[in-house]
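Everything on this sheet refers to the single structure shown next.
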Amino acid sequence: MSTTPTSSIWRGTTLLAVAAVVLMPVILPSPTLATEILIFALAALASNLLLGYTGLLSFGQGVFFGAGSYCSALVMIHWHFGLFPALLVGILAGALTAFVIGALAIRRTGIYFVMLTLSFSQMAYFVAYTMSSVTGGDNGLLNVPRPPVSVLGFELLSLASPLVFYGFVALLFLAVFVAARRVIHSPFGSTLVAIRENENRASAVGYDTRQFKVLAFVLSGAITGLAGALYALLLNFVPLSNIELATSEHILIMTIIGGTGSLLGSLLGAGSIVLLGDVLSALWPRWPMLLGLALIAVVMFLRGGLWGGLLDLKNRLIRSPEPPQPDTRQKDAAQ
Amino acid sequence: MSTVLLQTSGLGKAYGNFHAVNGVDLCVRAGTIHTVIGPNGAGKTTLFHCLTGERRPTSGKILFDGQDITHRPAHKRVSIGMARSFQITSLFQELSVRENLRLAAQGRDGARALTFWRPTEARRQHLEIADQILERLNMTARANTPAGDLSHGLQRVLEVGMALCGKPKLLLLDEPTSGMGIDDIPLMTSLIAELGKEHTVMLIEHNMSIVMSISDTITVMSRGQILVEGPPAVVRQDERVRSAYLGEEG
């Protein structure tokens with residue numbers, strides 16, 4: 001079931017992701033909004049690798065996001081790094097913080113693990129808050145440039161236009177999406193699912209489960225760091241809130257509402273929440289309350305998240321010749 | 001006599017002042033089925049956990065195939081040829097039977113499964129092993145059933161099958177018939193007897209009829225120590241065993 005041939009990571013949900021990415025700027029009111037959705041979809045997808053596939057509820061995601069934002073912005077402002085080197089710095093910053101936090105937090109399991117990631121998240125926030133000479137503290141890091149796409153100092157494409165920048169982010173998103181599917185269908189990915197299902201058994205058949213969890217953290221951190229770096233480029237600014245606990249919560253809520261254990265669910269989750277925020281915040285300042293209600297509804301009634309709900313609906317409507325899957329998570333894991 | 005595969009010398013596990021296992025010298029010869037029995041609290045399970053690496057012994061040594069493995073963590077005992085089953089069924093419940101077995105086969109290669117850029121099917125040998133074991137367990141028809149949907153008896157059989165996937169020299173089975181219905185027990189008995197022809201098996205078991213019918217050697221434990229050891233016929237006749245164990249059972 002988790003033996004997806006190489007060619008098929010290019011089909012199925014990947015085609016749906018491509019379709020979504022092409023349609024979003026057409027349907028949505030602005031390319032900037034679409035870009036924000038893709039950036040948070042990257043972060044949710046990375047969180048999904050930990051929560052949906054490995055079974056680790058990490059509140060560290062905001063730290064990786066913030067580290068990616070700050071580090072890439074700082075090297076662009078002070079050392080005039082180009083676009084790709086700056087993104088690489090963001091990826092490395094996310095991976096490195098994830099390695100440190102992951103390696104320490106997985107020494108405990110269950111609720112203690114969650115509490116450790118929570119503490120790291122609080123610590124990182126206060127570090128960013130108090131080091132205001134570097135991070136700008138409460139004011140945020142201002143005047144972050146958006147360098148053009150260039151190779152060997154030769155400028156190829158300016159990203160100043162919102163639509164062009166959207167295209168750039170969309171290509172990166174699709175690349176990460178395909179790479180994440182490759183990871184999920186690798187021996188490594190199948191072992192992560194095994195650890196989620198039963199860590200004792202995974203250890204008994206020969207896996208050093210800590211190694212696998214740390215690597216899952218590093219991959220998740222790298223993708224989240226990339227998302228953070230892109231967010232800094234989008235806003236031309238790094239707000240302190242990027243590294244707040246609320247960002248971790250935001251990412252987790254997107255992951256859960258979209259559907260854990262399905263990569264497309266992460267896009268769906270990020271899309272719904274960013275859109276909901278955009279529409280509702282103009283109408284009603286207390287809109288995050290509705291977010292709480294949505295989360296409660298999904299957790300209680302839609303265990304597979306929005307994506308799982310859509311799959312159920314499709315099964316019910318089409319009455320396909322194959323019997324409907326009793327458990328959506330099962331089906332999602334096979335994607 | 002055949003060679004010794006697993007040997008413990010003076011093995012002990014203490015919790016504070018309580019010696020759950022106290023100076024056990026156990027010797028499991030290659031190619032035999034070796035059963036450890038004893039009344040509740042005799043230290044069988046603690047001994048078993050020390051052998052699998054789940055618990056660290058506080059004294060003594062464990063030698064496996066000539067190597068000292070006393071302090072080796074559980075997951076590093078798989079690649080040298082040890083495999084175990086659990087007393088309480090421990091499977092990947094939501095995954096198919098075949099995927100359960102494939103993961104178990106892949107586990108023997110340990111850290112090589114960290115290759116996150118390769119497709120799973122790049123390592124076909126794991127699927128082949130899974131299919132062989134499926135056939136051996138007579139479960140090919142159930143290959144795509146989620147493990148959690150199997151009957152309890154079949155889950156117990158799969159539990160043993162998972163241990164087989166590591167191509168072990170020594171199979172450690174923790175109460176393989178635990179919780180099995182009376183109708184399923186012959187299935188497990190014949191499976192273990194069958195396995196005994198190719199593997200060395202060490203098991204903990206409560207069901208006396210199984211113990212007496214399949215074991216080559218029986219070790220009787222009581223209060224953390226070995227009381228008697230010998231072939232079934234000898235153990236059955238031993239007075240100390242009767243009073244310590246069989247007598248208690250009535």
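Nearest heavy atom pair, residue N198(A) against residue S90(B), reads ND2-OG, 2.7 Å. In terms of heavy-atom proximity, R182(A) sits nearest to W117(B) at CD-O, 3.0 Å. Here the shortest heavy-atom pairing between S190(A) and R102(B) reads OG-NH2, 2.8 Å. Between S186(A) and T115(B) the shortest heavy-atom distance is CB-O, 3.6 Å. When all heavy atoms of Y207(A) and L103(B) are compared, the pair lying nearest together is OH-O, 2.5 Å.
The number of heavy-atom neighbours closer than 6.0 Å to OH of Y112(A), taken from other residues, nucleotides and ligands shown, is 12 or below. The neighbour count for E135(B) CD, taken as heavy atoms of other residues, nucleotides or ligands under 6.0 Å away, does not exceed 12. Enclosure of atom CZ in R108(A) is not indicated, since only 12 or fewer non-hydrogen atoms of other residues, nucleotides or ligands lie within 6.0 angstrom. The number of heavy atoms from other shown groups lying within 6.0 Å of CD1 (I88(B)) does not exceed 12.
Taking OG1 of T191(A) as the start and CZ of F92(B) as the end, the distance is 8.5 Å to the nearest 0.5 Å. In this structure, F116(B) CZ and L219(A) CG are separated by 5.0 Å, a value rounded to the nearest 0.5 Å. Residue H75(B) holds its NE2 atom at 8.5 Å from CZ of R210(A), rounded to the nearest 0.5 Å.
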Residues F212(A), L114(B); criterion side chain to side chain contact (heavy atoms under 4.5 Å, CB included); working and verdict: CA-CA 7 Å; F212(A) 285 82; L114(B) 286 167; 3.8 Å; yes
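In this structure, the portion of R108(B) lying under 4.5 Å from any heavy atom of chain A is its backbone and not its side chain. Using a 4.5 Å cut-off between heavy atoms, A113(B) contacts chain A through both its backbone and its side chain. In this structure, no portion of S79(B) lies under 4.5 Å from any heavy atom of chain A.
In terms of modelled atom types and a separation under 3.5 Å, the side chain of E197(A) and the main chain of E94(B) share a donor-acceptor contact.
In terms of heavy-atom pairs under 4.5 Å with chain A, the best-connected choice from R84(B), M82(B), Q106(B) is Q106(B).
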